[in-house]
Structures are given as structure tokens and as C-alpha cells.
Peer 1: 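Submitted below is the structure of interest, expressed as C-alpha cells.
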Protein chains: 2
Amino acid sequence: MNQTKQKVKEQFHLFLSKKGLKATLQRSLILDAFLGLDRSTHIDELYLLLRGRHSNIGHATVYRALRLFAAAGIAREVNLGDGLTRYEVAGGKRRDYLVCNDCGTVTEFENSTIARHQAELARNLGFTVQSLKIELRGICGNCQERQG
Amino acid sequence: MNQTKQKVKEQFHLFLSKKGLKATLQRSLILDAFLGLDRSTHIDELYLLLRGRHSNIGHATVYRALRLFAAAGIAREVNLGDGLTRYEVAGGKRRDYLVCNDCGTVTEFENSTIARHQAELARNLGFTVQSLKIELRGICGNCQERQG
DNA sequence: AATACAATGATATTCACTTTCAAGCCATCA
DNA sequence: TGATGGCTTGAAAGTGAATATCATTGTATT
Ligand SMILES: [Mn+2]
Ligand SMILES: [Mn+2]
Ligand SMILES: [Zn+2]
Ligand SMILES: [Zn+2]
């Protein structure tokens, strides 16, 4: 068991206590599966993964658990406009997304200089910034080669 | 009639000719309404607006027209993860979005300095940038007042 | 005008959530 | 330990924006 993962679990358990919510087997299984992936995922992927291991996990429960993880600050919702809501483990640095308009591949990269600048502009408009998402769309390297 | 709008209309007409598509009254009305707004819009807004003026415009036609505008390079699709697909006039300035996590209000503002910088980073990764979206989430001024 | 297609729009369908509700589970307290 | 109360679960139903269907209508061309 990873040290980081253990801390996240404790963070979640604390969150549940403070809110008067309950630690259930399902929430624990879903959190393990979520932390076990090293990439963003979505409801149905986790749901099918867990159904393969445990026969009694419902779609609605996975849905509610992921939203709960987000509320607890453990997960971050990512919407790339393809009709699916993705979730990734929060914490760590902000990421920018490169979405290929041709093959749909999503590449991530880090760049922190933008965030401060942009957040300051928002504050001038009386807006308190909680998160920033930068999404670039275009053609990835592979697709450029294929097209010549 | 704005000079820029006239050029856009000619661009669209040329696009239709090249593709063997037809210039219809509906497409003309929808394009006028779309260009007449100085902000992003979505299907139902345009649909209701046009229904107020002309009794025979269908939801499906507005939907298809906006996708056609996007294919023609006239419109740009924007998805903010709130379940609606927005469209804004392409070719204008890029816009950044402030989405309130409390009331869902979307505020737009312009800020062009970021784009070049970010696009250059992407090019270094072998990625040809076609569009850039910056989305800030947080609490808007109104909601801050309400909460004290 | 006749013809060949494309476009329209009321309607139905899809699909990814999101909610409902009866049955079950968890934390707490005597 | 056992009762109690409220939270949780999950099958099923509901929601709503997007998309497809198809008979009818419109457009461009000859
Ligand atoms: Mn609708
Ligand atoms: Mn949807
Ligand atoms: Zn690609
Ligand atoms: Zn607000």
C-alpha cells in the first residue's frame, strides 16, 4: 500500500466523519479502485472494473462515490466535451490538456506560469478563483505524420 | 449591416456552394441571429429567439445549422461541462470563461496575452494548436455577497 | 416545368447522468 | 449486545440535451 494512498484514505475518512456520513464497504472498494489507476477514469470504467471483482456494486453508487470524492477534495472532475465526465486524483500540480481533434488522444502537460496571471485578472472582476482549466485542441504529432 | 458580418455571410455561402449544399431561408435567419449576438449562445436560446420572430423554425434545424457553421469555420463550439454546448462566433477574440461553482453563472472576459505563450508550449510537444480554452471556476461576486 | 437531391421539422431515440424509494447497513447509545 | 435512527445502496425510472428518422417541402439545375 502506497504511503500517499493511505493518506488520501485517511483524508476521506475524516471527511466522512465531519459530515456525519458513513464509511461503507462500497466506498472503500471504489476509492481503492480509483486510486489504483494512474490516469483519469470515468464512471462506467470503474463500474465495470468493480463488477468484475465484486458482484454487488451499483452504477449509482459509483456515481455518488465519485462526486463525494470530488466534494472531499480527493478527486477532480474533468470535462473535455466528449460526453463523458472524467475524474482524476486531485492534489499535485495543475495540468493542461492537449486534445487531438483527429484521434481524440488526450495529452497532459504542466505549466504553472499561466495560472497566477489568469487568476489575478479574474480577481479584478470580483471573482474568487478555485480552479483553472486550460484545454488546447489541435492535431497531435502522430496524426500529423499519418497525414503527411 | 456590419461589414464583418457581410463577409462572414459570403464565406458561408461559398462554403455551401463548394459542398453542394443549399442556401435556405432558415440557414440565413439562423446565421443572422447568431451573428447578431455579441456573446456565446446555445441551441435553445437561438431556437426560442427565432421562434418569437418566425413561426416555422425547428429545433433540429438550429442544431444542424450551428454544426454547419462550425464546419464552415464560422462558429466555435464551447463546452463548459454544464450539459450545454455553446457556440460563439469564430474569428473574433478568444474568450475566457468564469464559471461560478455556486450559482452556475458564466461570465466571459477577454485576455489575449496568454494564448500565444500557451500555444508555443504545445508546439514544442509537436502539437499543432487549433483552439485554446481557458476556464476558471470559483465564486462570483454575487454569491460572495450573499454568503457574507 | 421537370428532375434530382438536399433541407426541414415534428417526432422518436439515444445516452450519460441523476433521482427515487424500499430494503439494508453503519454508528451510537443504553 | 441490541435497539434505534439516519445514512446508504442499487434496481429501476426519470431527465434533458444531443442526435437520428422520415415523410414532406424546398432549392438548384437543366
Ligand atoms: Mn431541447
Ligand atoms: Mn447529456
Ligand atoms: Zn491525433
Ligand atoms: Zn455565483
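Convention: sequence-line order gives letters A, B, ...; per-chain numbering from 1.
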Peer 1: If you look only at distance, which donor and acceptor atoms sit under 3.5 Å apart when one is on a side chain in residues 77-91 of chain A and the other is two or more places apart or in another chain?
Peer 2:
unit_1	atom_1	unit_2	atom_2	d
A:E77	OE2	A:Y87	OH	3.4
A:N79	OD1	A:G81	N	2.8
A:D82	OD1	A:L84	N	3.2
A:D82	OD2	A:R86	NH2	2.4
A:E88	OE1	A:Y97	OH	2.9
A:E88	OE2	A:R76	NH1	2.4
A:E88	OE2	A:Y97	OH	2.8

Peer 1: Write down the distance between CG (A:L66) and P (D:dT9), rounded to a whole number of angstrom.
Peer 2: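 Value for this atom pair: 12 Å.
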Peer 1: From CD1 of B:I57 over to P of C:dA7, roughly how many Å is that when rounded to an integer?
Peer 2: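 Going from B:I57 (CD1) to C:dA7 (P), I get 15 Å.
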Peer 1: Excluding sequence neighbours, so at least two apart, what forms side chain to side chain donor-acceptor pair (under 3.5 Å) with B:Q26?
Peer 2: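 So B:Q26 forms no side chain to side chain donor-acceptor pair (under 3.5 Å) with any residue.
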Peer 1: Under the ring pair (Phe, Tyr, Trp, His ring centres under 6.0 Å) rule, what pairs show up with a residue in residues 6-27 of chain B, not counting sequence neighbours?
Peer 2: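 Qualifying pairs, neighbours excluded: B:F12-B:F69.
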Peer 1: To the nearest Å, give me how far apart CD (B:E45) and C1' (D:dA17) are.
Peer 2: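 Atom CD in B:E45 sits about 15 Å away from atom C1' in D:dA17.
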Peer 1: I'd like to know if A:K9 pairs up with A:D32 as an ion pair, taking the criterion as any Lys NZ or Arg NE/NH1/NH2 lying under 4.0 Å from an Asp or Glu carboxylate oxygen.
Peer 2: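 Between A:D32 and A:K9 there is a salt bridge, with a charged N closer than 4.0 Å to a carboxylate O.
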Peer 1: Only counting residues at least two apart or in another chain, list the ones meeting salt bridge (Lys or Arg N to Asp or Glu O under 4.0 Å) with A:R64.
Peer 2: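 Applying salt bridge (Lys or Arg N to Asp or Glu O under 4.0 Å) to A:R64 gives none.
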Peer 1: How many whole angstroms separate atom CG of B:L48 from atom C1' of C:dG9?
Peer 2: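 From B:L48 CG to C:dG9 C1': 15 Å.
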Peer 1: Just grab all the salt bridge (charged side-chain N to carboxylate O under 4.0 Å, His left out) pairs involving residues 14-23 of chain A, residues at least two apart or on different chains.
Peer 2: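 Residue pairs passing salt bridge (charged side-chain N to carboxylate O under 4.0 Å, His left out), neighbours aside: none found.
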Peer 1: Using whole Å, what does the distance between atom P of nucleotide D:dC7 and atom NE2 of A:H13 come to?
Peer 2: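 Going from A:H13 (NE2) to D:dC7 (P), I get 17 Å.
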Peer 1: With a cut-off of less than 4.0 Å, is there a side-chain N or O of A:Q26 near OP1 or OP2 of D:dT8?
Peer 2: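 No, A:Q26 has no side-chain N/O under 4.0 Å of OP1/OP2 on D:dT8.
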Peer 1: If you take any heavy atom closer than 4.0 Å to DNA chain C, which residues from residues 15-25 of chain A end up in contact?
Peer 2: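 Those residues whose heavy atoms fall under 4.0 Å from DNA chain C, taken from residues 15-25 of chain A in numerical order, are A:K22, A:A23.
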Peer 1: Between the protein and nucleotides 17-19 of chain C, list every N/O to N/O distance that falls short of 3.5 Å.
Peer 2:
unit_1	atom_1	unit_2	atom_2	d
C:dC17	OP1	A:T85	N	3.2
C:dC17	OP1	A:T85	OG1	2.7
C:dT18	OP2	A:Y63	OH	3.4
C:dT18	O5'	A:Y63	OH	3.2

Peer 1: Applying ring pair (Phe, Tyr, Trp, His ring centres under 6.0 Å), name anything that partners A:Y63, two or more places apart in sequence or on another chain.
Peer 2: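 Here no residue qualifies.
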Peer 1: What is the separation between atom CG on B:D82 and atom C1' on C:dA16, rounded to the nearest whole Å?
Peer 2: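 Spelled out: CG on B:D82 to C1' on C:dA16 is 15 Å.
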Peer 1: Quick check on the helix from C:dA1-D:dT30 to C:dA30-D:dT1: what's the angle between its two end axes, five base pairs per end, to the nearest 10°?
Peer 2: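 One end axis against the other gives 30°.
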Peer 1: According to ring pair (Phe, Tyr, Trp, His ring centres under 6.0 Å), who are the partners of A:H42, at least two apart in sequence or on a separate chain?
Peer 2: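 Testing A:H42 for ring pair (Phe, Tyr, Trp, His ring centres under 6.0 Å), a comparison that skips the adjacent residues, returns none.
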Peer 1: Provide, to the nearest angstrom, the distance between the CZ atom belonging to A:F69 and the P atom belonging to D:dT8.
Peer 2: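 The distance from CZ of A:F69 to P of D:dT8 comes to 13 Å, rounded to the nearest Å.
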Peer 1: Just jot down the salt bridge (Lys or Arg N to Asp or Glu O under 4.0 Å) partners of A:R137, sequence neighbours excluded, or say none.
Peer 2: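 By the salt bridge (Lys or Arg N to Asp or Glu O under 4.0 Å) rule, A:R137 matches A:E135.
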Peer 1: Take atom CZ of A:R27 and atom C1' of D:dC7, then tell me their distance rounded to the nearest Å.
Peer 2: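 Going from CZ in A:R27 over to C1' in D:dC7 covers 8 Å.
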Peer 1: What salt bridge (charged side-chain N to carboxylate O under 4.0 Å, His left out) pairs are there with at least one residue in residues 42-62 of chain A, not counting sequence neighbours?
Peer 2: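 Checked against salt bridge (charged side-chain N to carboxylate O under 4.0 Å, His left out) - neighbours excluded - the pairs reaching residues 42-62 of chain A are A:R39-A:E45.
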